[in-house]
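Quick note on labels: first sequence line is chain A, next is B, and so on, each numbered from 1.
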There are 2 protein chains.
Amino acid sequence: MTSLSENKCEACRADAPKLSELEFQALKVQIPHWQLIEQDGVKQLLRVFTFANFADAFLFTQRVADIAEQEGHHPAILLEWGKVTVRWWTHKIGGLHRNDVIMAAKTDAI
Amino acid sequence: MTSLSENKCEACRADAPKLSELEFQALKVQIPHWQLIEQDGVKQLLRVFTFANFADAFLFTQRVADIAEQEGHHPAILLEWGKVTVRWWTHKIGGLHRNDVIMAAKTDAI
């Protein structure tokens with residue numbers, strides 16, 4: 001079995017299906033540190049990463065930005081002193097796609 | 001009169017005074033695009049900057065991070081596709097210091 005972080009995002013259309021509860025639970029075990037949250041009615045994956053200072057937090061932000069550009073799928077990244085909060089979701093479908101779980105796993109792999 | 005963006009942040013202690021309403025209003029005219037918000041009881045300056053894509057939004061984030069490191073004063077920067085939301089406040093005093101207005105002006109100057 002290849003790990004999720006080695007998967008590629010697939011092109012996503014507005015009519016792509018959101019992950020079902022069952023599909024999500026099956027994938028969630030591979031990203032145990034991510035929380036499922038709901039913001040403005042949209043399900044998102046959230047994880048807070050902590051660092052010793054601002055510079056390290058920025059370097060992590062840069063690496064997440066790099067993988068986002070590589071995959072053409074972009075998160076919200078909140079950069080603060082010693083802390084980066086990453087949220088993944090799929091704007092086009094207003095919720096979670098398999099791509100988001102892949103990106104969460106890729107973020108963990110950083 | 002030198003512009004605010006050319007000022008340097010001064011070292012800030014936990015017992016440094018917050019800006020009074022009058023002081024804030026006098027400085028606010030120099031940063032007209034910033035909103036005064038209150039988050040968890042802490043006054044903050046917020047501005048949303050928009051961009052054509054994620055790469056440009058990231059480059060801006062990088063430049064804000066650079067001035068933050070130069071001045072030793074760090075904001076919260078929310079990076080999203082085509083959008084960066086910057087918030088300045090002073091953690092040590094739980095509110096706004098003159099430094100925050102200086103940093104907002106420096107952010108505008110980017």
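The shortest heavy-atom contact between B/A68 and A/F54 is CB-CE2, 4.2 Å.
Residues A/V86 and A/I67 fall within the same hydrophobic cluster, defined by Ile, Leu, Val, Met, Phe, Trp and Tyr side chains chained together at heavy-atom separations under 4.5 Å. Hydrophobic clustering (side-chain heavy atoms under 4.5 Å, transitive across Ile, Leu, Val, Met, Phe, Trp, Tyr) keeps B/I77 apart from B/L46. At a threshold of 4.5 Å between side-chain heavy atoms, the hydrophobic network of Ile, Leu, Val, Met, Phe, Trp and Tyr places B/I110 and B/F51 in one connected group. By the rule that hydrophobic residues join a cluster once side-chain heavy atoms approach within less than 4.5 Å of another member, A/I37 and A/V64 end up as members of separate clusters. The hydrophobic clustering, which links ILVMFWY residues whose side-chain heavy atoms are closer than 4.5 Å, places B/L59 and B/F49 apart.
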Can you check whether chain B and chain A share any donor-acceptor pairs under 3.5 Å, and give the atom names and distances if they do?
unit_1 : atom_1 : unit_2 : atom_2 : d
A/I77  : N      : B/L79  : O      : 2.8
A/I77  : O      : B/L79  : N      : 2.7
A/L79  : N      : B/I77  : O      : 2.7
A/L79  : O      : B/I77  : N      : 2.8

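Of the inter-residue distances, the one linking B/L78 atom CG with A/L78 atom CG reads 5.5 Å to the nearest 0.5 angstrom.
Within the structure, ring pair (Phe, Tyr, Trp, His ring centres under 6.0 Å) contacts touching residues 7-29 of chain A (residues at least two apart or in different chains) do not occur.
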